[in-house]
Structures are given as C-alpha cells and as structure tokens.
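Structure, as structure tokens:
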There are 2 protein chains.
Amino acid sequence: MENNSIFIEKLRSSGLRPTKQRLEICKLLFDRKKTFHFTIGDLSKILKKETNKKISLATIYNTVHSFKKKGYLKEISINRDKSYFDTNTSNHHHFLDIDTNELIDLKKEDVDKIKIRKNLPGKKIQSIEVLVKVENNN
Amino acid sequence: MENNSIFIEKLRSSGLRPTKQRLEICKLLFDRKKTFHFTIGDLSKILKKETNKKISLATIYNTVHSFKKKGYLKEISINRDKSYFDTNTSNHHHFLDIDTNELIDLKKEDVDKIKIRKNLPGKKIQSIEVLVKVENNN
DNA sequence: ACACTACTTTAGAATCATTATAAATTAGAA
DNA sequence: TTCTAATTTATAATGATTCTAAAGTAGTGT
Ligand SMILES: [Mn+2]
Ligand SMILES: [Mn+2]
Ligand SMILES: [Zn+2]
Ligand SMILES: [Zn+2]
C-alpha cells in the first residue's frame, strides 16, 4: 500500500538504513508535488498527528540532518529563532511573508539573473540567494 | 576630548538617555568610516578590551536592541547560531565569506537592480536582500 | 533460523544565546 | 536637593539544538 520502495532505495543508495522512522519522515517530506518549507518543530507536530507510532525528537533532528547532509534537504536561515528546511534543494529564491513567517519559492523566471559586479580576490561565488520580504497591503 | 556631544544629541533626540554605557557603545559602533558587522558576542568582547568600566551583558543586549528599534542598527540573520547587526541601515546586499563567517557590504553599483516578476495578491514588497556566499578559491 | 556487529533510536541531560526578573542605580525635571 | 521614571545589573529562566549513553534494530554471514 505504499511506494515505500522508492524511499527504501533512496535511503539505501545513500548508505542510510531504511528504518520505519526514516521512511515515515520521507513520506511526509518527499511525497509532495510542491516545495515544503518547515522547521523541526513543524515537522515534529505533523508527525505527531499523522502518525500512530511516536518518533522521538532526537530522531527527527538526526534524520533531518542526515537528509541535509545527503543533499535531500536544504537549510535556510532567515532568523535566529528557528532554522527552516526546504525540500527544494535547487538554487532558488524566496518570498518571506513577515506577517506569517511563511517561505514561498520563487521560480527561475520570476527573478532576473543576478549579476554581481564586484569580486573578492581569492574568493569565488558559491551561491546567490535573494530574499524578498513581503507584508500585508495595509 | 570627545565628540560625545554628537551622540548625546542623537540619543536625546530619540528619547534615549545618554548614559555612559550607551555613549561607550555609540563610540564603538558609530565612530567608524566603514560599515561594522558584529554579533553581540563580538561587541561584548571588544567592550571588555577597549573600556575600563564594565558594561553588563544585559545592558549590551538592551542597548543594541534599542538602537535597532530606533533605526540605528539593522539585524541580519544568516545562520541560526548568531545574529548579526549592521551599522549600515540602508537597503544593501552582502557577501558572506563562508570560511570566516564575515559579512561584507555590496555597494549599490555592485548589483543590478533586482526585478521580481511575480507578486503575491494582498502583499507588498518590504525589502529585497541578496546574499552572495563566497568561499576560498580552492 | 541464529548470532554478531554496526547503525539507529531514544529519553533525558547539557549547552548556550537570548530574554525575563526584580532590585539597585542614575538621569532629568521640579 | 528631591522625586520619579528610566536604566543598569546580576541572576534566573527559556527554548531550540546538541550530546550522551543505554536499548533496540537491520543487514551480513553462518
Ligand atoms: Mn530576530
Ligand atoms: Mn546552521
Ligand atoms: Zn524554497
Ligand atoms: Zn551590511
């Protein structure tokens, strides 16, 4: 009744054992059409609701960090209070709704290519990220 | 022997009493030609060295947050571990050296104007920030 | 199926930047 | 100088994240 086999392969191929905790988290994170932006706290709450068996908070942290290390998640820092993770691991830009603290992906075509006209000697560019903060129209 | 009068005015005009702690921090932060990017930890260390009288950590936090509220400092979140503050309160972009965790201002002319081709209904853009992560050339 | 070992999960403790508290001090006004 | 509100301060509390070390599990080989 599940397409778990896909996730099992995904995990195995990156040297992670497909435990039921990891599979549960995989289904929750990667069985989506749209990008998912979440904090560990969000994820923890959702797992509590949508799952019968409990997954310890330590495991959620461990798993999310493993997934990040394997390149399945991207971490986004927008404020010190909490770290956001992103199922869209490509280079992309974001809207941040400062009223709701919600992140929204911008598509390639939504932002002109950024051209940086300065370079630092001995340094090379690793990434260019745009954060567009938006708020309610009065 | 000081141009404290400038800072005293600055503080008074925004309803902050010019205490010696605030003046000390003003001198350290605003008596510079270049932008200063710092964490509270940085500031605390510098104050310990460059000052004879001690300023409590709580006061450093209070003061930096007051200055931010008054618009004399800008907060920049680049990772969850620490919050950076910026004496350049204009809208501007940054290099982040991921080897040293150092922030460097980009000038207006260093980055083409960013054009966002998407808008969210009911929302207006409050700011657009570019973060260019750089690392050592091999 | 069984045993073995490395990997994983887990509860709880530890960490650490930040925030809150509430008592002592100080600045500005009268 | 006196009075009051603003400020400073030491200290405790908070809370997200990381650490620990003990118990459980998956994969391998027999
Ligand atoms: Mn913040
Ligand atoms: Mn981080
Ligand atoms: Zn995203
Ligand atoms: Zn800056």
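Every chain is numbered from 1 and lettered A, B, ... according to where its sequence line falls, protein lines coming before strand lines.
- Each of B:R12 and B:K82 was matched to the nucleotide of DNA chain C holding its nearest heavy atom; the match closer to the 5' end belongs to B:K82.
- Ion pair A:K113/B:D112 not flagged as a salt bridge, since none of the NZ, NE, NH1 or NH2 atoms sits closer than 4.0 Å to an Asp/Glu carboxylate oxygen.
- The separation between A:N79 atom CG and C:dT19 atom P is 11 Å, rounded to whole Å.
- Atom-to-atom, CD1 of A:I8 to P of D:dG27 comes out at 9 Å; the value is rounded to the nearest Å.
- Listed pair A:R80 / C:dT18 meets the phosphate criterion, a side-chain N or O lying under 4.0 Å from OP1 or OP2.
- The separation between A:I60 atom CD1 and C:dT8 atom C1' is 15 Å, rounded to whole Å.
- Residues B:T87 and B:R32 form no side-chain contact, since every pair of their non-hydrogen atoms from C-beta on lies 4.5 Å or further apart.
- The nearest whole Å value for the distance from the CD atom in A:E24 to the P atom in C:dT9 is 12 Å.
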Protein proximity profile, nucleotides 2-8 of chain D - base contact B, sugar-phosphate-only contact S, no contact -, cut-off 4.0 Å on heavy atoms
---BSSB

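- Taking 4.5 Å as the limit, some side-chain heavy atom of A:L29 sits within range of a side-chain heavy atom of A:L43.
- Comparing C:dT18, C:dA20, D:dG27 against the side chain of B:I40 picks out C:dT18 as the nearest.
- Within the structure, a side-chain polar atom (N or O) of A:Y61 is placed less than 4.0 Å from OP1 or OP2 of D:dT17.
- Side-chain atoms of B:S44 never come within 3.5 Å of backbone atoms of B:I40 as a donor-acceptor pair (strictly under, hydrogens ignored).
- A cation-pi arrangement is not found for B:K123 relative to A:F95, the charged atom failing to lie both closer than 6.0 Å to the ring centre and inside a 45° cone about the ring normal.
- Across A:E102, A:K74, A:H94, a single residue satisfies side-chain hydrogen bond (donor to acceptor under 3.5 Å, both in side chains) together with A:H37, and that is A:H94.
- Between A:F7 atom CZ and D:dA26 atom P there is a gap of 19 Å when expressed in whole angstrom units.
- Protein atom NE2 of B:H65 is 8 Å distant from nucleotide atom C1' of C:dT18, rounded to whole Å.
- With hydrogens and angles disregarded, a donor-acceptor distance shorter than 3.5 Å links the side chain of A:R22 to the backbone of A:R17.
- Atom CG in A:L23 sits roughly 10 Å away from atom P in D:dA26 (whole-Å rounding).
- Using a cutoff of 4.0 Å between basic side-chain nitrogens and carboxylate oxygens, B:E129 and A:K133 are scored as salt-bridged.
- A:D42 and A:T39 form a side-chain donor-acceptor contact under 3.5 Å, judged by distance and modelled atom types alone.
- Residues from residues 41-51 of chain A that place a heavy atom under 4.0 Å from any atom of DNA chain D: there are none.
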